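A quick write-up on the structure given underneath.
The model shown is predicted, which means the values in this text are computed figures rather than measured ones. Labels below follow one simple rule: chain letters A, B, ... track the order of the sequence lines, proteins then strands, and each chain is numbered from 1.
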Amino acid sequence: MPATTETVLGVFAHVDTTVRALEELRAKGYHDLAVYTPIPVHEIEDVLERDRPVSRVRLFTLIGGLTGTASGFLLTIWSAMQWGLITGGKPVASIPPFVVIAFELTILFGGVATLIGLVTLAGLPRFRRSPTFDRRFTNDRFGVAVHCAPERRPSVREILQSAGADEVRP
Amino acid sequence: MRPKAGVGVLGLVLLVVLIALALTNWSRRPAAARPSAQPINFPHNVHVGTYKIDCQYCHADARRSDYAGLPSVTRCMGCHKITAADRPEIKKLADYAAKGQPIPWVRVYKVPEYVYFPHKAHLRAGLKCQQCHGPVETMTTVGADTGPQLPNDFLRLVGLRPTGPPLSMGWCIECHREQNRTRDMHAPLDCVTCHH
Amino acid sequence: MNRRDFFKIVTTTAAAATAGCRPAAESILPLVVPNEQMVPGVASWFATVCRECPGGCGVIARNRDGRVVKLEGNPDHPVNQGALCARGHAALQGLYHPDRFAGPQRREGSAVAPIGWDDALKIVAEKVTALRQAGKGRAIALVSQLEAGSLGALLDRFTQAVGARPRLALEPFGYEALRAANRVTFGRDAIPYYAFEEAEVLLSFGADFLETWLSSVGHARGFARMHTFRDGRAGTFVHVEPRQSITASSADEWIRNTPGTEGLVALAILKILIEAGAADRKFADAVAQIDVKQAAEASGVPVRQLVQVAEMFGRARPALAIGGGVATSGGNAVATLTAINLLNAATGNVGKTVRFGPDSAFGKVTPYADVAALTQAMANGEIELLLLGPRVNPAFTLPGGLKFADAARKVSLVVSFSSLPDETTALAHVVLPDTHWLESWGDYAPREGVLGLMQPTMNPIRDARPWGTTLLTLTRTVLGTEEGKGPLPWATFEQYVKSAWEPTVGANLEVALQQGGVFKDVAPVAVTAKVAAVDAAPPKLDGDGGFTLLAYPSLRFYDGRSAAASWLQEVPDTMTQAAWDAWVEIPAADAAKLGIARGDVVRVQSSQGAIELPAYPSTTIAPNTIAIPIGHRYAPYHLVPGGLGARESRPYVQAPPTTMNPVALLPAAPDGASGGVPYLAVRASITKTGARRPLAVLQATHDQEEREIAQHVDLKTAREEALRGKERELEPIGMYPPQHYPNYRWGMTVDVDACIGCQACAVACHAENNVPIVGKAQAAYGRQVSWLRVERWAEGTADHPQNMFLPMFCQHCEVAPCEPVCPVFAAYRTDEGLNGQVYNRCVGTRYCGNNCPYHVRRFNWYNFEFPAPLDVQLNPDVTVRQLGVMEKCTMCLQRIIAGKDHARDEKRKVRDGDIMTACQQTCPTQAITFGNLKDDQSAVAKQRHSPRAYHVLEEIGTRPGVTYLKKVVREHAPEKPPAGRGSA
Amino acid sequence: MNDSPAASPTFADVNRDVLETLRPPGNLYFGWMCIVGLILTCGILAWTYQIYMGMGAAGKRTPQMWAMYITSFVFWIGIGHAGTLISAILYLFRARWRTSIFRAAEAMTIFAVLTAGLFPLIHAGRMWFAYFLLPYANQRYLWPNFRSPLVWDVFAISTYLSISTIFFIVGLVPDVAAMRDASTGWRSRIYAMLSLGWEGEHEQWRHYRRAYGLFAALATPLVLSVHSVVSWDFAMALVPGWHSTLFAPFFVDGAIFSGFAMVLILILPMRHFFGLSAYIHDRHLDAMGKLILVTGLVLTYFYICEAFTSWYSGDVFERASLFWKVTKSYAWALWLMYFCNCISPLILFSGRARRSPVVLYVVSILVLIGMWFERFNIIVPSLGHDFYPYTWGIYKPTIWDATIVIGSFAWFFILFLGFIKVMPSLSVVEVKETLPPPLKDAARAGHH
């Protein structure tokens, strides 16, 4: 990366024009893109995710869930052994009822871990608004921000405009 | 995250629960007397430490009753008719004896009403008084230092294992378990032995 | 922290934070001078004699730290042999009754004010002196209860010394007719000793000997010995009574007769026996005029049944026939009892099961006729000073026709020595409270040869003085003598009583006091029966109502003197299972005709007055007969009126608008032949008032609905199984290995065959385990806390209704449904086979209460109160449970702990019999056994393996630690559980 | 997407319409708030009284140690099922019609669970010790009994509440961001904070969508488990009428049934007052009507199974319990339940009824009544006629427990009323997803 990069933002009103711009940009080798959409759009995902791995959130879920299962059984069995009290003639470490606890903890830990995964991977919370963000992006506009070397700016503007951007800045 | 109405309420409920938890633990603390509270300033260190009087000479019921018992005024006067009779504190004692009144000692050690602690069984098991009551022979005034339980619980919550405060249940249990482990005793660990 | 603290915190958090919420420092007071008899924290036991009824059972009182906390029967005492009835236990509540007089009282008009002892005594002394000086010593009358001991002698000395009328020993149930009949037949004015334990067949004509008749605890002990199935042997008991009473429920054959025809039945049986040659022929004259068929018709008992009973009775060697109860107190009472005497004499039972010699103290009761005469004298203004002893309540117990209260108002000075306010103290001008018998010296000889000694079991808690001491002081003042001189030289009653013991006890006072008395056997005296014709025709009844009124003494309250005890009010009547209130038992058919349902208030009217009571329709009472228990009184504690802020837990009901006393309906005239109270004397009419006062009936239904909770086996099978053993049933199959018990496994057995439904166990449990009282409203709504309930299950056919009594309490299941549902381990299984319940861990989810199939877990719906000083009675070894906590039977855990502690002191294991639960200890029929199931030699383990053993609701698989033994039903009962049902 | 009506709103319309729901409320709203607040106050006072007096203030007794509180607890837990079911299960099944209702349903879920969660506290004899049920390290070395279904409840419900709340909040993040950008001033700043700085950048969407799917996958078994666990409070007990393997699916079905009824009760007025007919179409109502009908029929099947097994088992206790319920003191409650839950939904076989808000509303109310009584009929009559005839008895409610139960409804509605005025009760993002995406070519074609 050069020492300085510039960002060009194209604001689109339509999905098809956005997709067209993205295809074009990728074809020209621009990969450092930030795309803002009010909703997740399949067509855009198709373009962008061609070369990206699946979100790692699921790993968080898996680890969290397994931790939950293990801690569920550990907590119940270990705490039952603390006093070894018999109730209803059942063994101290009675597994069937403990499955319920383990199951619930699996879900709980899995869910919390997923949340943590989401927050960290999505870079939340974000305290400062990124310069390319526009409040219309949560309404009905799509934004494509292209990070590029200063000298490439005109060509990027050209691509965006020709794709059908309503507005290109700077 | 967004504390919505529901979450806020949940938080509030949790807060209330925590406060309640803190207060319950705090108020369930066994009563502890302040040193100055006793009607007569009785120095255990002089009686036990200096004169080596056996605990059960005065607390004579300990070996046969649930209660350790307090010496009768006449028993105190048995020695103090002569011994140190000129001291101001002893004069107070003589005063009670003359009036035939009991001495209103302030209770120092107390377990809650739902706990049955028999002194007899503990003495039969060969325990020293000091095991529970601390080094009485060095105390000018006996005061039960039975700390609050909540900080303790919190320490446990984060994985530390502080020794239970004296006269708390965990502290009793630790000793019972240790006696069974180290001395091959049969200290009961059944809930209803003490709670009935 | 308790709930109140919590409430303080949630409402005033800031205040709590500053105030620090630190528990207030508590003082502990040492003794000034050590007491040799007492170690704080260790119980001492003092033997004395129960004075709740004239039965005179020995009791031992458990004194903890200076306060009596529990009573038990004295095992050394020959009358009750360790057992104690419900009323005996409840004596403690008289001792600690909140309404006990704090000291002497003086009444002017309706205002009652405390007064000093000296002033109070002065009033009485001046009156006595004035009357003596005026030569009107005969205007002084003294009425006491039956005092068969030194006090009685002292009272007689007193009346002589001051020149008063002879003392009256007033007992509402005085058995005058029994004495009169014995005079007629045997020429002895006495009540003999009935050896129940030696009879093979017992034939009772209305005698409620398991409830109140003579000495119920002693009889129950004897009855259990003759009747309870043991090793293939069991006696037979036939009971003739117009209604199914608790006693009738224990009978193998209950014969429902028309009231007042018991004599006819007895004579008919005697006639059959003589004709069959099974009885002494010389008695033939007595029954010459008897026609069995006519007798059968009059009594409503079929001839076939009479013959059956006669055969059974004639075959037995020996048998015993007794007569008593309300039905034999009518105008033909003496004739009826004479007929029964002849029956005994003709079959050779006199001298064997009927023994004169060890005569009962009841022979010393003043006949009611004399009491009636005194009342008449009072009404005529002949009495100016009336001295009424403690526990004497003529305003309540004497027939309404006598109008005692009106007569008493004509007496210028009425002095009562009662310690508790009642209907009579309300008439007294001066009350000089006696010490409670648990605080007093004294003695009591319930029968010849048995002298029970009484000693104070604790210091008086009120400013009361022993009656004897008060009279001694009074005599000295009146006669102007000094201590040690004159006809009554003793300074105190204690001195007097000890000097009275000198000849019998001598130097062995300490031993005798420890033992509870001086007991020796008295040889029976030979008597001969006089044969004479008996006219036992049913009595003429007063009034023209449609129903014969049976007023019968209550098992729980006797003549009403025990009614102030809330334990007895809380524990239900075993038959109706109604707590707290009285009722009138009406034949169900008549009730249906009149449109009366249970709980409808009914006006019962006789020629003497009317009372209003809730109705209880019953299928087990003779037609055209109604029955009302005597003794239901309300003695409400002085309570703050309730409001929103007041606790709803106030358990004590207010007095009902009218009296509930059926005695008020009786005429004044004594029975001519005996001078007794004619309890069977009036015909009454009943009308529906339209009001409702629902009864607090605790048992939803007496029908087992195929549950097989109380089980029975017929005698033949039981015998066979007892001799040959029973095929072992399959061991219960479980998913888990059986529990391991390292030391002991505690268990209990209950012999349903022995249980007589006397409720002693339930009251003993209340006393031992600090079980709170909930009051009528809460009890009616299923919120009783009693750990033990005695259930009545109706069986048999409409012709042969039978009852089974089943004490039900925590079954201490091995596979306990209550335990695994508790979220906090408050309920768990101990390794000694108990179901532990940790009160301080309990959160109050009540899941265990739902899941217990026996519903023996009790919840503290409120903070039920123990109004001071009843709280002094609380057992210090048992936690008092707080609101919101579940509780239940612990098998007297505190006793188990004490027993193990004792055994460890002696370096041994607990032996069988070391530990007794409170219910077991008090059971008059020894129906309850407790012990270590691991020990094969223990009584409980043997019974658990009895062929009669079963578990309640066994099919649920809870494997209870409590085993029941089936009731053994005799020949007359149907072979199989019948389709028809008894009463509901 | 192609089934959307011709005059479908644009993305901007959605933002505008949703923002419209958050405008300062009118007098009607405050009137409702006052009424509900008043009832809630009564409920709180009644609870205070009950804590002061003891559980005796409520009409419980032996044998009905449980009564209206547990009835209401199960009822509210059941209500709490629809939200997560709609958001999770229908999400996984890609049922498009969920989008316009799921936000309100999720909020309803959380509030219902919060309401339900109060009842164990209200019900406990010593609620100040309720924390004993939590597994926390303490000096006494004591732990809860994990064998107790009540502890399972603690875990199931707290997990359900946590996961539902997380799910709900995560779903709200992009919407709140939209609200942030659509509003101004302090509102905007608050929304900005709550939106965690969400920008709708693709990298965020990528993880978001994956996480959302995972939440849905986790929540699906959870939804089924929660009411199963609650049903085991009964099924694990011995009481005749409780001890049944049928209970878990039976309860889950009933929960969905009542949950959808409650959704309708909340959605229909919202649609009316907020003018959301453009988003909540008749076909949405139709779909929900069908679901109610189907779950109602399944429930009827369960009722038949329950009665049949009780009778056919030949078990004396089960039979007695059943016959008593059907014919004796509580028969009115049982037959009321049968009418509400089995008969009244049958009208939904008619397509016109399914599209009629009035019919749906009436049926929903009947269903809620029926489902409350279903739990009542399980708890109170079963306990009233169980193994032991001695203690059989009839439960009578008191003014105190009745007020507390009614107060719980007020508590629920006050939470919901508050919610609809501060948060988008329609999912901005998901509604937009169901709209035709803005296409230039299509737009051009349209202009021509």
Side-chain angles (χ1 to χ4, degrees), chain A residues 13-17 34-41 44-45 48-49 52 54-55 57-58 61 65 75-76 79-80 82-83 85 87-88 90 94 97-98 100-101 103-105 107-108 110-112 114-115 117-119 121-130 133 135-140 164, chain D residues 10-12 15 135 141-149 151-152 155-156 158-159 162-163 166-167 170 173-174 177-178 180-182 196-211 214-215 217-219 221-222 225 229 232 428-430 432-433 437-443:
Chain A
H14 303 289
V15 174
D16 48 353
T17 50
V35 183
Y36 299 93
T37 53
I39 58 166
V41 181
I44 295 171
E45 275 172 21
L48 291 177
E49 292 190 7
R52 291 192 210 185
V54 177
S55 164
V57 171
R58 57 183 185 174
T61 313
L75 172 70
T76 47
S79 72
Q82 286 287 297
W83 286 88
L85 294 178
T87 59
K90 295 172 174 51
S94 21
F98 297 170
V100 176
I101 307 294
F103 170 80
E104 298 295 343
L105 288 189
I107 303 285
L108 182 65
V112 171
T114 313
L115 181 69
L118 170 64
V119 166
L121 292 175
L124 296 175
R126 213 169 266 187
F127 299 108
R128 194 167 297 160
R129 190 170 290 194
S130 55
F133 178 72
R135 54 195 298 171
R136 285 173 296 172
F137 294 158
T138 59
N139 190 350
D140 57 351
Chain D
T10 64
F11 278 22
N15 270 37
Y141 299 108
L142 293 176
W143 295 90
N145 178 6
F146 290 107
R147 269 160 260 164
S148 167
V151 175
W152 305 349
F155 276 75
S158 52
T159 302
S162 312
I163 296 296
I166 290 171
F167 203 24
V170 167
V173 164
R180 168 196 69 196
D181 297 334
L196 303 176
W198 178 265
E199 290 180 344
E201 203 253 330
H202 176 258
E203 191 61 16
Q204 290 177 335
W205 278 124
R206 194 166 74 92
H207 297 300
Y208 182 87
R209 283 173 60 84
R210 175 61 62 178
L214 287 167
F215 282 132
L218 285 172
L222 186 63
S225 81
V229 167
W232 292 335
V428 178
V429 171
E430 292 220 16
K432 284 180 188 168
E433 281 188 79
L439 299 173
K440 189 150 197 186
D441 297 337

Apply side-chain contact (heavy atoms from CB on, under 4.5 Å) to residues Q204(D) and E201(D) and explain how you reach the verdict. CA-CA 5 Å; Q204(D) 290 177 335; E201(D) 203 253 330; 4.1 Å; yes
Apply side-chain contact (heavy atoms from CB on, under 4.5 Å) to the pair S55(A) and W205(D), showing each step before the final yes or no. CA-CA 10 Å; S55(A) 164; W205(D) 278 124; over 6 Å; no
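Note: R147(D) CZ to F98(A) CZ = 5.0 Å, rounded to the nearest 0.5 Å. Between atom CZ of residue F11(D) and atom CG of residue N139(A) there is a gap of 9.5 Å, rounded to the nearest 0.5 Å. To the nearest 0.5 Å, the span separating CH2 on W143(D) from OG1 on T76(A) amounts to 11.0 Å.
The choice from P40(A), G111(A), A13(A) that makes the most heavy-atom pairs within less than 4.5 Å of chain D is P40(A). Interface check for chain D: of the options A122(A), G117(A), G88(A), the most heavy-atom pairs under 4.5 Å are formed by A122(A). Across A217(D), S148(D), A219(D), A177(D), the residue that shares the most heavy-atom pairs under 4.5 angstrom with chain A is A177(D). Considering only heavy-atom pairs separated by less than 4.5 Å from chain D, the leading option among V112(A), I101(A), L124(A) is I101(A). Among R180(D), E430(D), H202(D), the residue with the largest count of heavy-atom pairs under 4.5 Å with chain A is H202(D).
Side-chain contact between D140(A) and P38(A): absent, with no pair of heavy atoms (C-beta onward) separated by less than 4.5 Å. When side chains are defined from C-beta on, L118(A) counts as touching Y208(D), because their heavy atoms get closer than 4.5 Å. Looking only at side-chain heavy atoms (C-beta outward), F167(D) and L222(D) stay at 4.5 Å or farther from each other.
Looking at T17(A), the atoms closer than 4.5 Å to chain D (heavy atoms on both sides) all sit in the side chain, from C-beta outward. Neither the backbone nor the side chain of P149(D) has a heavy atom closer than 4.5 Å to any heavy atom of chain A. Looking at R209(D), only its side chain comes within 4.5 Å of chain A, counting heavy atoms on both sides. For A156(D), the parts sitting under 4.5 Å from any heavy atom of chain A are the backbone and the side chain alike. For A34(A), the parts lying near chain D are the backbone and the side chain together; criterion is any non-hydrogen pair under 4.5 Å. Both the backbone and the side chain of T87(A) have a heavy atom closer than 4.5 Å to some heavy atom of chain D. Contacts between V15(A) and chain D at a heavy-atom distance below 4.5 Å involve backbone atoms as well as side-chain atoms. For L218(D), the parts lying near chain A are the backbone and the side chain together; criterion is any non-hydrogen pair under 4.5 Å. At a 4.5 Å heavy-atom cutoff, the contact between L85(A) and chain D is made by backbone atoms alone. Residue contact with chain A, scored on non-hydrogen atoms closer than 4.5 Å, involves the backbone and the side chain of V429(D) alike.
For F146(D) and F155(D), the distance between ring centers is under 6.0 angstrom.
For Y141(D) and S79(A), the side-chain atoms include no donor-acceptor pair closer than 3.5 Å.
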